[in-house]
Amino acid sequence: MSHTIKLKKGFDINLAGKADNNISSAPKPETFAIKPTDFPAITRPKLLVEEGDSVKAGTPLIYDKMAPDVYYCSPVSGEVAEVKRGEKRKLLELRILADKEVEFLDFGKHSKSDIKSLDVEKAREAMMKSGVWPNIIQRPYGIVANPEDAPKAIFVSAFDTHPLAPDYNFIYKEEEEAFAAGLEVMKKFTQGKVHINISEDKEMLKMFSQAEGVQINKFSGKHPSGNVGVQIHHIDPINKGDIAWTVKPYGIIQIGKLFLTGKYDASKKVALTGSEVKTPQYYQTYVGASIKNIIKDNISGDHVRYISGNPLTGERIQADGYLGYYDEQITVVPEGDFEELLGWLKPTTSKLSFHRAIGLLSFLNKKKEYVLNTNTNGEERAFVMTGEFEKVLPMDILPNFLFKAIMAEDFDEMEALGIFELVEEDVALCEFIDASKHELQGILRKGINLMING
């Protein structure tokens with residue numbers, strides 16, 4: 001039995017610089033990096049290699065002392081070039097100087113029939129040792145899943161509605177076999193359902209819309225209809241004591257490739273997007289790639305911000321920084337480190353705003369692509385109770401009261417107000433429209449950490 005859910009709440013941010021369906025032949029990056037900061041679950045990372053060590057794709061680099069059986073592995077073969085640390089010797093990056101040709105550790109091939117009959121314990125062990133396990137994210141909390149848990153269900157969102165998001169129909173069109181194999185493996189980990197959530201607003205690949213042995217759910221509406229947390233809320237909400245797993249299509253495909261080929265295949269297609277990109281397009285690379293060669297000679301200005309991920313939830317990086325583990329998008333937008341005197345009073349067609357008093361003209365041309373910078377257009381101030389958050393968050397949650405409960409460290413109120421159902425991406429639109437200019441994603445993560453450690 002499938003569901004069709006039509007969401008009325010939300011807000012689409014239509015930005016200039018969407019990637020054309022073209023794959024560039026840019027030179028392969030020279031260095032790659034694994035960043036423990038990409039994984040909220042890692043609290044005490046432990047190095048397994050040293051500078052100068054030779055590694056292959058799939059060689060374990062890091063594990064967390066709190067979950068020692070889950071390895072974070074090298075995406076390419078080469079030499080450990082640098083271990084970068086921050087304050088109090090906090091591990092920030094592990095950089096690999098890549099070989100010209102990638103060599104792989106062999107984890108053992110499986111035929112399609114072997115995968116169907118594969119014992120779940122053997123599948124679990126292979127996934128933990130090979131580096132693909134971190135693709136599995138636990139709800140609540142949005143952390144790498146505990147291999148010992150049995151989730152009530154597994155959810156896969158097969159479309160992305162974030163600004164300038166990559167086109168899954170394009171980047172995954174040749175991955176049908178691996179996706180089917182990955183789904184077959186994931187079905188072993190739950191007695192419940194595996195949900196594939198697709199968009200009703202556009203045609204989807206058959207590997208998503210006709211996947212076998214799973215429940216297909218259709219969603220329509222504005223962003224954040226593609227967020228898996230929103231989808232879970234409308235299909236099978238997370239209550240206290242519940243555990244569900246989420247996996248991106250890329251993660252399912254990588255898991256499938258592990259069992260079909262015996263390799264930790266960290267290759268991926270990444271979209272270079274944004275108004276400051278001369279030719280927005282896709283690049284074939286690997287997890288943790290340096291963006292240096294990707295952006296070379298393709299940026300129109302020098303006062304820009306580089307973001308690993310999308311403009312709402314991505315991480316700011318430098319021009320020689322590295323792609324985040326979960327990211328399939330690099331965004332380049334103008335830096336907004338300037339003040340505009342009484343800018344909110346000037347009628348203009350160049351600004352996009354959810355608030356009609358400011359962005360009325362933007363509602364008259366909904367197809368317009370906007371060039372937005374990083375300016376917050378104001379400073380942090382006391383929470384303003386506008387009721388606007390509820391208009392962009394299609395969940396039965398009161399965000400304003402939840403944020404205040406987090407700031408007060410009121411555990412009972414946080415639980416009652418729905419913190420188990422949220423991660424940062426679910427409140428990113430609230431942050432975008434917030435008249436009070438609070439870093440709501442950071443506030444939510446603080447609350448999640450309080451619940452984990454409290």
Side-chain angles (χ1 to χ4, degrees), residues 1 3 5 7 9 39-43 64 66-67 70 124 133-157 186-187 189-195 197 215 217 219 224-248 251 313 326 383 389-390 392-431 438 440-454:
M1 177 179 172
H3 294 273
I5 295 111
L7 302 177
K9 297 179 180 180
F39 313 99
I42 295 185
T43 55
D64 184 10
M66 304 304 291
V70 177
R124 192 193 324 269
W133 189 269
N135 286 295
I136 306 173
I137 302 300
Q138 170 195 306
R139 293 294 184 107
Y141 307 142
I143 60 178
V144 175
N146 183 345
E148 302 302 319
D149 288 336
K152 70 171 184 175
I154 297 173
F155 297 85
V156 181
S157 178
M186 291 308 301
K187 286 186 235 178
F189 290 95
T190 180
Q191 296 295 316
K193 297 177 180 178
V194 175
H195 296 267
N197 305 324
Q215 178 168 309
N217 306 297
F219 284 81
S225 62
N227 283 11
V228 71
V230 171
Q231 296 164 2
I232 293 172
H233 177 83
H234 289 275
I235 299 169
D236 189 4
I238 305 293
N239 298 308
K240 184 177 182 179
D242 288 343
I243 291 177
W245 289 354
T246 71
V247 192
K248 287 187 173 183
T313 66
Y326 298 103
F383 262 119
F389 291 169
E390 288 80 2
V392 297
L393 181 61
M395 303 169 77
D396 295 326
I397 286 174
L398 300 174
N400 242 317
F401 293 100
L402 174 59
F403 296 134
K404 290 187 175 186
I406 293 170
M407 297 171 78
E409 299 188 7
D410 187 330
F411 286 80
D412 291 338
E413 280 294 290
M414 284 190 275
E415 181 182 319
L417 289 166
I419 195 169
F420 292 135
E421 294 205 64
L422 298 172
V423 298
E424 289 91 329
E425 70 175 11
D426 298 317
V427 301
L429 269 181
C430 297
E431 183 173 295
H438 286 271
L440 301 181
Q441 296 180 70
I443 292 173
L444 178 61
R445 178 49 61 178
K446 174 189 174 184
I448 291 172
N449 289 338
L450 285 171
M451 298 300 290
I452 292 173
N453 300 319

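Note that the coordinates shown come from a computational prediction; the quantities given were computed from them, not determined experimentally.
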**Q** Nearest 0.5 Å, what's the CG-CZ distance between N227 and F219?
**A** 11.0 Å
**Q** Taking all atoms of both residues into account, what is the closest heavy-atom pair of K152 and P237, and its distance?
**A** NZ-O, 2.7 Å
**Q** How many angstroms lie between CE in M414 and CG in L444, if you round to the nearest 0.5 Å?
**A** 10.5 Å
**Q** Does the K240 side chain pair with the main chain of E415, one donor and one acceptor, at a distance under 3.5 Å?
**A** no
**Q** Is the backbone of A145 close enough, under 3.5 Å, to the side chain of W133 for a donor and an acceptor to pair up by distance?
**A** yes
**Q** Counting only N and O atoms by type, is there a donor-acceptor contact under 3.5 Å from the side chain of Q231 to the main-chain atoms of S225?
**A** yes
**Q** State, to 0.1 Å, how close G229 and M395 come at their nearest heavy-atom pair, and which atoms those are.
**A** O-CE, 3.9 Å
**Q** Give the minimum heavy-atom separation between P151 and T190, together with the two atoms involved.
**A** O-OG1, 2.8 Å
**Q** Is there a side-chain contact between D242 and R139 in this structure, where contact means two heavy atoms from C-beta onward sitting under 4.5 Å apart?
**A** no
**Q** Between R445 and P40, what is the shortest heavy-atom contact and its length?
**A** NH1-CB, 4.0 Å
**Q** Donor-acceptor pair, distance only, cut-off 3.5 Å: does the side chain of S157 make one with the backbone of N197?
**A** no
**Q** Any non-hydrogen side-chain atom of V427 less than 4.5 Å from a side-chain atom of F403?
**A** yes
**Q** Once rounded to the nearest 0.5 Å, what's the spacing between atom CE of M186 and atom CG of N135?
**A** 9.5 Å
**Q** Between R124 (side chain) and P147 (backbone), is there a donor-acceptor pair under 3.5 Å?
**A** yes
**Q** Over all heavy atoms of both residues, which pair between Q441 and E431 is shortest? Give the atoms and the distance, please.
**A** N-OE1, 2.9 Å
**Q** Atom CG in L440, atom NZ in K446: separation rounded to 0.5 Å?
**A** 13.0 Å
**Q** Atom CD1 in I243, atom CZ in F420: separation rounded to 0.5 Å?
**A** 11.0 Å
**Q** From L417 CG over to N400 CG, what is the distance, rounded to the nearest 0.5 angstrom?
**A** 11.0 Å
**Q** For H234 and P394, indicate whether the former's side chain and the latter's backbone hold a donor-acceptor pair under 3.5 Å.
**A** yes
**Q** Specify the closest pair of heavy atoms between P399 and F389, including all atoms of both residues, with the distance to one decimal.
**A** CG-CB, 3.8 Å
**Q** Between E390 (side chain only) and V392 (backbone N and O only), is there a donor and an acceptor less than 3.5 Å apart?
**A** no
**Q** Side chains of P224 and E425: closer than 4.5 Å at any heavy-atom pair?
**A** no
**Q** Could you walk me through whether I136 and F189 satisfy the side chain to side chain contact (heavy atoms under 4.5 Å, CB included) test, starting with their C-alpha distance in whole Å, then the side-chain angles of each, then the deciding distance to 0.1 Å, before giving a yes or no?
**A** CA-CA 11 Å; I136 306 173; F189 290 95; 5.7 Å; no
**Q** Evaluate the side-chain proximity of P134 to V70: yes if any heavy-atom separation is below 4.5 Å, no if none is.
**A** yes
**Q** Applying the side-chain contact (heavy atoms from CB on, under 4.5 Å) criterion to Y141, which one of V144, I137, I143 satisfies it?
**A** I143
**Q** Should L402 and I419 count as side-chain neighbours, where that means a heavy-atom distance under 4.5 Å?
**A** yes
**Q** For F401, does the CZ atom sit with more than 12 other heavy atoms under 6.0 Å from it, leaving out its own atoms?
**A** no
**Q** Only one of N217, T246, D236 passes side chain to side chain donor-acceptor pair (under 3.5 Å) with H195; say which it is.
**A** N217
**Q** Using the side-chain contact (heavy atoms from CB on, under 4.5 Å) definition, which of the options L393, L422, I238, D396 pairs with H233?
**A** D396
